[in-house]
Amino acid sequence: MGLGQNLPMTEVQQPQPVTPELRAWIVEQAKAGAQPEAVIASMVASGWREDVAMAALEDTLRGFLDERAKAAQLPPAVPVPDPLPGQGGIPTTIRLPDREVRIVLAMRDPRVVVFGGLLSHEECDELIALAAKRLTRSETVQTDTGASEVNSARTSQGMFFDRGENELCSRIEARIAALIGWPVERGEGIQVLRYRPGAEYKPHYDYFDPAQPGTPTILKRGGQRVATVVMYLNDPEVGGGTTFPDVQLEVAPVKGNAVFFSYERAHPSSRTLHGGAPVVAGEKWVATKWLREGVFR
Ligand code: PD2
Ligand code: ZN
């Protein structure tokens, strides 16, 4: 049976209200597995203007998904940064005020974008030199207490810069803000990690677990984390990729490159489980930037 068979008809060129019947029909198509392009094509064939059809589809499905999420007791979806907000084909490069960044890979769900040359090799070396003096065994925020603790899942050493602590951090922060369209004020300070051979970061989520008692305290400062940028500061000889087990993706740690991913819900349905694979030979250095929902002070 054709898609448009039971589609409520409308007059061409008339004002086109999105009726409850049309909404029900759109949801029915989505449940039956129809692709959005096919639904829009059916609507256009029945006399709907394409822009109106697209808006109706978007609005209806968002409402439907919000209701489903509420029923499944998922945390609310929040706006997240997106470096490639356009609907069309992806560009090969993004021109920023101070640098041209290459697009190496883009995945839609989960949203993962790999950038080539986000940092120059000199910037990587400088960041390592600044961080090296201040390394300690890595800690993670304990969401049961809100305190920072040494974590056996993370066998690296690390340190945090304050946001805007030096000219290099400010430059990198401004560049990331321009790249992903998210204000500098909504970012944490840059964290640098060093992994020696055998060190790894076991798969985890970067958002704060809403079920943990310490999370409300953590969220007072800028709200949830909504996205991560992991920047690779050197080339480990073997191992040390960033893995996304839910989608069987592994990003190679190439000096100057970076991987971005976002999570609009603080929930495993975001499919943003990720880890740092064990370093087999050589060292691995990364700088991580976490983006928050709100202003982080
Ligand atoms: O070093 C990595 O590849 C890595 C992997 C997972 C870093 C982080 N998470 C992080 O800093 O959150
Ligand atoms: Zn992480």
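For ligands, and for the atoms within them, numbers begin at 1 and follow the listed sequence. If you're wondering where the values come from, they're calculated on a predicted model, not measured in any experiment. As a basis for the values below, the full set of heavy atoms in this structure was taken, side chains included, without hydrogen atoms, waters or symmetry mates.
A salt bridge does not link E122 to R171: none of the charged nitrogens lies less than 4.0 Å from a carboxylate oxygen. No salt bridge links E173 with R163; every basic N to acidic carboxylate O contact stays at or beyond 4.0 Å. Between R111 and E264 there is no salt bridge, since none of the side-chain N atoms of the basic residue sits less than 4.0 Å from a carboxylate O of the acidic one.
Among protein heavy atoms, the minimum distance from atom 11 (O) of ligand 1 is reached at T288 OG1, 2.8 Å. Protein heavy atom in closest approach to atom 12 (O) of ligand 1: D206 OD1, 3.2 Å. Among all non-hydrogen protein atoms, the one lying nearest atom 10 (C) of ligand 1 is Y201 CE1, 3.6 Å. Scanning all protein heavy atoms for the shortest distance to atom 2 (C) of ligand 1 gives K284 NZ, 3.1 Å. Residue, atom and distance of the protein heavy atom nearest to atom 6 (C) of ligand 1 are H274 CD2, 3.0 Å.
The Zn ion (ligand 2) lies at the vertex of an angle of 90° between the OD1 atom of D206 and the NE2 atom of H204 (rounded to 10°).
In this structure, the side chain of Y263 engages the main chain of A227 through a donor-acceptor pair within 3.5 Å. Using a distance-only test at 3.5 Å, with no hydrogens or angles considered, a donor-acceptor pair links the side chain of Q224 to the main chain of F208. Formation of a donor-acceptor pair under 3.5 Å by the R292 side chain with backbone atoms of G223 is found in this model.
The distance from ligand 1 to the heavy atoms of V286 drops below 4.0 Å at these ligand atoms: 1 (O). Counting atoms of ligand 1 from 1 in the listed order, those under 4.0 Å from a heavy atom of G275 are 5 (C), 6 (C). Each of the following atoms of ligand 1 lies closer than 4.0 Å to a heavy atom of H204: 6 (C), 9 (N), 12 (O).
Surrounding CD of E250 are more than 12 heavy atoms belonging to other residues, nucleotides or ligands, all under 6.0 Å away.
Of the options Y195, Y205, F261, the smallest heavy-atom separation from atom 7 (C) of ligand 1 is shown by Y195.
Across every non-hydrogen atom of V280 and P197, the tightest pair is O-CB, 4.1 Å.
Heavy-atom separations between T228 and ligand 1 are all 4.0 Å or longer.
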